[in-house]
Amino acid sequence: MVPQHDDVPAGSQGPGGAGRGCGPAVERPAGSGVAAEYHDADFDWSEAAAEAAALVASGGGVPAAACAPGAQGGACHAGDAGEEGAATATGQQPGSEPWERFHAQHASARFFKPRRYLLHTFPALRAEGLRLLELGCGAGASLIPILLANPSARALGCDISASALALARSGAQAAGVDASRLATLVVDLEGAGPLAGVPPHHDAVLLVFTLSALTQRGEANALRAARAALAPGGRCLVRDYGLYDMVHLRFLAGGAARGPPTPVAGTTYGPTPPDPPPTRAFRRGDGTLARFLALQELVAAAAAAGLECEEAKYACVAVRRRGAPDLRRVFLHAVLRRAREG
C-alpha cells in the first residue's frame, strides 16, 4: 500500500544482529542459495538508533532520551494516527480517495517491483494447496509472484482501493495466472467490525506494508481481521517499515522527495511516553499515512488480537549503490500464529 520502494536487492550477509521481539532466528540451510538472494542482517538495529540520537542532538524532531543507541523497539513510544493534515475535523481518515489517486497516477502497476523475496523470508508461502489472504494487497506486487511460484496456491486480495484491485487482476492475467486462483474484495480496515465476505479458513494472511498505512485503530482492526480469517494454526506474516528506517530519519529531519511530511499527533500503545513523544507517524502531501513500527508494540498489539508471536525482529538491509552511500533500510518482520483450538 505505502508509496515507498521496499524491494531488497541481493547482497552479502552483514555482521547483523537486529533487535528481536520473540522466537528464534530463521536459519538458512547451507548451500540452499537463499542467503545469496535474501539478507536481513547487514547492520545492527542499534546503529540506526544511534543515527537517530545524533539527528536529535543536531536539532531533529524527537527527544534524545527516547532514541538512545541501546534502546529496543518497545522503549521508543511515539505519536500516532491521523487527527490533522488530510484528516477530517472528526479525526477520521480520508478513506479511499488518496489511494485511488495514487493508483490512478501509477496505472501501469509498475511502481512496486515484484516482492519475490517474500518467498524466501516466509517459507510457508510455498506450502502445497496454500489458501492465502492479503490485507492491503494494492496492485498485486506480493500476490502475483507468490501465485507464480506456487502453482497450487489460491488467494484473496483485499484493499481499500478498487482501482488497485483492478490493477492486481489485470497484472495477474498478464502474468499468466488463471483468474480462478485470485479473487479480490474491497475492504476498509479502518472501519469497525468483522470484514464481510472474508472466509475463516486461510492458511496464511499477509500484511505487507499495510499496518504502516493505517492508524493504530486500523492496525488493531487488521490484526483482529487476520486472526478471524485464519484457520487454527494458520499464520499472519508481517513485513513493514521499522523504527529508524532511513525514510523515518529523513522524515524526522523534515525532508522528503516531494516536500516535508506533516507529523501526526495521537495516542500510543504501552507505558506513558516522554513529553513530547517522539514522532513516528506522518501525513504525506498526497494524504496517505506513513507510520514506522516498533517491534514490541506490534507483538503486544498482536497478542491483544489473539495472535501468538513465533518470530519478530528488525530486518536491517543495506541497499548497495555503485558510487554512493548504502541505503540503510529497517523493516519489521514477524510471524504471528493463531493458536489451535483446544
Side-chain angles (χ1 to χ4, degrees), residues 1-2 4 21 61-62 66-67 72-96 98-99 135-136 158-160 187-195 205-228 236 238-245 247-248 251-252 261-284 287-307 309 312 314 330-334 336:
M1 292 176 63
V2 180
Q4 296 287 346
V62 296
C67 303
Q72 291 299 308
C76 297
H77 302 280
D80 197 5
E83 273 79 43
E84 65 181 65
T88 66
T90 61
Q92 295 178 344
Q93 291 301 105
S96 64
W99 291 110
L135 298 175
C158 298
D159 201 274
I160 194 172
V187 301
D188 181 3
L189 294 172
E190 294 288 356
L195 299 181
V205 174
L206 275 179
L207 288 169
V208 179
F209 303 102
T210 295
L211 300 181
S212 58
L214 299 171
T215 65
Q216 282 189 333
R217 179 185 66 184
E219 175 186 274
N221 290 346
L223 291 169
R224 285 193 296 266
R227 185 194 181 281
C236 177
V238 180
R239 174 87 168 188
D240 220 315
Y241 299 109
L243 192 65
Y244 307 143
D245 178 55
V247 178
H248 186 198
F251 281 9
L252 288 174
T262 303
V264 176
T267 59
T268 66
Y269 288 112
T272 302
D275 186 19
T279 301
R280 283 200 284 107
F282 302 85
R283 182 77 63 197
R284 299 187 186 87
T288 59
L289 184 66
R291 293 196 303 134
F292 298 90
L293 307 182
L295 195 65
Q296 300 297 344
E297 291 183 2
L298 176 66
V299 172
L307 293 167
C309 182
Y314 289 120
V330 177
F331 301 112
L332 191 148
H333 163 99
L336 312 168

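Annotation: side chain to side chain contact (heavy atoms under 4.5 Å, CB included) contacts of Ala334 (sequence neighbours excluded): Val238, Leu298, Ala312, Leu332, Leu336. Residues meeting the side chain to side chain contact (heavy atoms under 4.5 Å, CB included) test with Ala228, sequence neighbours left out: none.
The shortest distance between side-chain heavy atoms of Leu195 and Asn221 does not fall below 4.5 Å. Within the 4.5 Å cutoff, side-chain heavy atoms of Tyr241 are placed close to those of Phe331. Using a 4.5 Å heavy-atom threshold, the side chains of Val330 and Phe292 count as separate.
A pairwise comparison of heavy atoms in Leu189 and Ala222 identifies CD1-CB, 4.1 Å as the closest pair. For Arg280 against Leu243, the heavy-atom pair with the smallest separation is CD-CD1, 2.7 Å. Nearest heavy-atom pair, Ala302 versus Leu223, reported as atom, atom and distance to 0.1 Å: N-CD1, 3.8 Å. Between Ala290 and Phe251, the shortest heavy-atom contact is CB-CE2, 4.0 Å.
By the 4.0 Å N-to-carboxylate-O rule, Glu297 lies too far from Arg291 to be salt-bridged with it.
With hydrogens and angles ignored, the 3.5 Å screen pairs a side-chain donor or acceptor of Thr210 with a backbone N or O of Leu135.
Atoms CD and CG, from Glu219 and Asp240 in turn, are 8.5 Å apart once rounded to the nearest 0.5 Å. The line from CG of Leu207 to SG of Cys236 is 4.0 Å long, rounded to the nearest 0.5 Å.
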